[in-house]
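So the structure is just underneath, and the comments pick up after that.
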Amino acid sequence: MGDDAAVYDAEFKAYLTKNKWSKHFDYAPIDVIAPYCERDCVYAGMMLAVYERYIEETQQGRVWSTERAVTKVLWEMEHAGIGTDLEYARGQLVPMKERLEDVTSSIYGYSGYEFNINSTQQLNKVMGNLGVKSTVKTTKNNPSWAAQALAQVKHPIANAILEQRGLGKLVKDYFEKALEWEDGVQHASFKNWGAVTGRMSCANPNLHSVAKNPQDLSGDVDVALLAGAKAIVGGKAVGAKYSDETEGLVSVRRMYVPRPGYRLYMLDYSQMEMRIFADYVKDEVLSALCEDPLFDFHDHVAEQVWGVSKGDEMWDFYRFKAKGINFGLVFGMGINALSLAIDSTKDEAKRYKAEYFDRFPRAYEFIDLVSKTVEQRGWIRNRFNRRYWIDYDRSYVGVNYLIQGTGADIVKEAMVGIREFLVERDLMSRQLVQVHDEIIMEIPDDERELVLPVVMGIMEKRRIETYLPVEASVGGPSWAQKTVVELAA
DNA sequence: TCGATCACGC
DNA sequence: CGCCAACGTGATCGAA
């Protein structure tokens, strides 16, 4: 190599910026940009040779071949896009903005003067004037005014701020964004391995972060409760079922609709990460129980560790702790975070965790082995040999990388398999979106009987020992409403 | 321009 | 078996 690729790249981009061509490569003259493109290709080719050797040495051939194959699926997903109900988007923007104005002026009412609510510095001053203190610190040790901190605040300004932020995000990131695609088809961008674990990422818009809970615009608690909400926090109707008949609730997912001739289907792996965790732990009893598609991991842990059963007075209490510890383990959570997550003191959290490991000693052995391997060797590999290099002082993330990454590779292989089937049979059905453990498809009615069982079979194929059941739902008709599909045996 | 802070998801 | 909830995208503020 005569020159260094990184240096050349940096120098060339500086040259573009200097000549005001950096906004888009199209702006630069062809005789300037062409040699750059040529070098780009040459360097990419050289890198391919290097990495192919590495892939061979580390036996990551299966992962590499899946990545190449899934690229075609991603291209087709981006090309197909997802249909949006522009009429709904435009219609809802009006009451959303009205509500936003009302909430904003109520905040100014509390503060006594107008200020920039988005500025945490200015907000901090307002809170000080109101005599409100935060019990939470930011990473830079300043007072935090995030949702977690505002939840502790008794003053009514707290809820108003939560609503202002949440609603503002919906308006900006999704409802106004939707209008950029005038034909009502959004083409998001997917990245194969946007995350270090092997998970994909999505942008413009990020379909991975589309709000699940409907937003209450009426300010009338009864409206959300009528839709089955468990609580209303910052205008979010938590747990509410969206319905077009419920006035005053707005849903981002309601915006996403099938195109004429199609219906939306959502194919979800049930408790995927917990089942992969069970597979890694190699607890035969646990794995056997996973054969039941309806097996609930959190229920089981509550029953086994604390001897409670459904209907007991303490059931909800221990089910909550079980769920918190389960997620805590797969996320690599420490005692401090765990105690916050399960609403316990640190001592209590420590005791619950000890009781958990008492009952599931192999879970402890697995977690211990992973972190020790990272500390001693510096790398680990998931079920498909995807390799992770992890710094010594971050060894606690290893368990999560293995579980999250194994899940990601399973879904990618399934997507490739689904594509092969659809292409081979020359079908109209198509994959639109992947959300980590979920695939969203558009299927015409006359293909449903053929496609659904085959797709579920491809997804449920044993790629690890433990069974990973899939639940299929049909959109009713948008992404906001799902009805579980019962397949004839 | 970029770090910090906030919000949303799995 | 006490420290570290994992991984993302994007809007916004405000200091550099």
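Order of the sequence lines sets the chain letters (A, B, ...), proteins ahead of strands, with each chain counted from 1.
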By the 4.0 Å heavy-atom rule, please label A/G328 as base, sugar-phosphate, or nothing. nothing
Gap between atom CE of A/M333 and atom NZ of A/K353 - 0.5 Å precision: 9.5 Å
Could you check A/Y401 against A/K350 and say which one's nearest nucleotide on DNA chain C is further toward the 5' end? A/K350
Taking A/A322's backbone N and O only, do any of them form a donor-acceptor pair with A/H298's side chain (distance below 3.5 Å, no angle check)? no
Once side-chain hydrogen bond (donor to acceptor under 3.5 Å, both in side chains) is applied, do any residues pair with A/E76, and if so which ones, sequence neighbours excluded? A/R419
Aromatic plane relationship, A/F175 with A/Y88 - under 30° parallel, 30 to 60° tilted, over 60° perpendicular: tilted
Set of side-chain hydrogen bond (donor to acceptor under 3.5 Å, both in side chains) partners for A/T466, sequence neighbours left out: A/D279
At 4.0 Å (heavy atoms only), tell me whether A/Q121 reaches a base, stays on the sugar-phosphate, or touches nothing. sugar-phosphate
Looking only at atom types and distance, does a side-chain atom of A/Q434 sit under 3.5 Å from a main-chain N or O of A/H436, one as donor and one as acceptor? yes
Kindly state each residue pair satisfying side chain to side chain donor-acceptor pair (under 3.5 Å) with at least one member in residues 89-113 of chain A, sequence neighbours excluded. A/K97-A/E176, A/R99-A/E163
Looking at every strand, decide which applies to A/R351 at a 4.0 Å heavy-atom threshold: base, sugar-phosphate, or nothing. nothing
Looking just at side-chain N and O atoms, do A/D216 and A/S218 make a donor-acceptor pair shorter than 3.5 Å? yes
Which heavy atom of A/Y388 sits nearest a heavy atom of A/Y401, and at what distance? OH-O, 3.4 Å
Examine C/dG14: is either OP1 or OP2 under 4.0 Å from a nitrogen or oxygen in the side chain of A/Q122? Give yes or no. yes
Which residues, if any, of residues 144-159 of chain A bring a heavy atom under 4.0 Å of DNA chain C? none
Contact residues, residues 201-219 of chain A to DNA chain C [heavy atom, < 4.0 Å]: A/S201, A/C202, A/A203, A/N204, A/N206, A/S209
Please list residues of residues 169-181 of chain A whose heavy atoms come under 4.0 Å from any atom in DNA chain C, ordered by number; otherwise none. A/K172, A/D173
Starting from C1' on C/dC7, measure out to NE2 on A/H436 and report it in whole angstrom. 7 Å
Rounding to a whole Å, what distance do you find between A/F115:CZ and C/dG14:P? 12 Å
NA contact type, A/V196, heavy-atom cut-off 4.0 Å: base, sugar-phosphate, or nothing? sugar-phosphate
Identify whether any heavy atom of A/R165 sits under 4.0 Å from a base atom; if not, whether one sits that close to sugar-phosphate; answer base, sugar-phosphate or nothing. sugar-phosphate
How far does the P atom of C/dC3 sit from the matching atom of B/dC8, given to the nearest Å? 28 Å
Are A/N400 and C/dC7 close enough that a side-chain N or O sits under 4.0 Å from OP1 or OP2? no
For A/Q404 and C/dA5, give me the distance from atom CD to atom C1', rounded to whole Å. 12 Å
Starting at OH of A/Y392 and ending at C1' of C/dC3, how long is that distance when rounded to a whole Å? 13 Å
Which of residues 125-143 of chain A have a heavy atom under 4.0 Å from DNA chain B? A/T138, A/T139, A/K140, A/N142
Check whether any side-chain N or O of A/K482 sits under 3.5 Å from a backbone N or O of A/Y265 as a donor-acceptor pair, and report yes or no. no
Set of side chain to side chain contact (heavy atoms under 4.5 Å, CB included) partners for A/T135, sequence neighbours left out: A/Q152
Sugar-phosphate, base or nothing in reach of A/D358, heavy atoms under 4.0 Å: nothing
Can you name the ring pair (Phe, Tyr, Trp, His ring centres under 6.0 Å) partners of A/W479, sequence neighbours left out? A/Y256
Trace of the side-chain hydrogen bond (donor to acceptor under 3.5 Å, both in side chains) decision for A/Y280 with A/T406: CA-CA 10 Å; A/Y280 267 113; A/T406 296; 3.1 Å; yes
Between C/dG2 atom C1' and A/K353 atom NZ, what is the distance in whole Å? 9 Å
Under a criterion of less than 4.0 angstrom to any heavy atom of chain A, what are the 5'-terminal and 3'-terminal contacting nucleotides of DNA chain B? B/dA4 to B/dC10
Side-chain heavy atoms of A/V281 within contact of A/F360, under 4.5 Å: no
Test your reading of the model: is there a side-chain donor-acceptor pair from A/E442 to the backbone of A/L432, 3.5 Å cut-off? no
Under the criterion ring pair (Phe, Tyr, Trp, His ring centres under 6.0 Å), which of A/W306, A/F320, A/F357 is the partner of A/Y352? A/W306
A/Q164 CD - C/dT12 P separation (whole Å): 11 Å
A/Q271 (side chain) donor-acceptor with A/F297 (main chain) under 3.5 angstrom: yes
Calculate the interatomic distance between A/M333 atom CE and C/dC7 atom P; express it in whole Å. 13 Å
When you look at A/V257 and A/L264, which way does the side-chain contact (heavy atoms from CB on, under 4.5 Å) test go after all the steps? CA-CA 7 Å; A/V257 290; A/L264 284 185; 5.7 Å; no
N or O in side chain of A/R394 less than 4.0 angstrom from C/dC7 OP1/OP2: yes
What residues, two or more places apart in sequence or in another chain, satisfy side-chain hydrogen bond (donor to acceptor under 3.5 Å, both in side chains) together with A/S189? none
How would you label the contact of A/L162 with the nucleic acid (heavy atoms, under 4.0 Å): base, sugar-phosphate, or nothing? sugar-phosphate
Distance in angstrom units between A/F331 CZ and C/dC7 C1', rounded: 8 Å
Numerically ordered, the residues 362-387 of chain A set in heavy-atom contact under 4.0 Å with DNA chain C is A/Y364, A/D368
Look at the side chain of A/N213 and the backbone N and O of A/G239, then say whether any donor-acceptor pair between them is shorter than 3.5 Å. yes
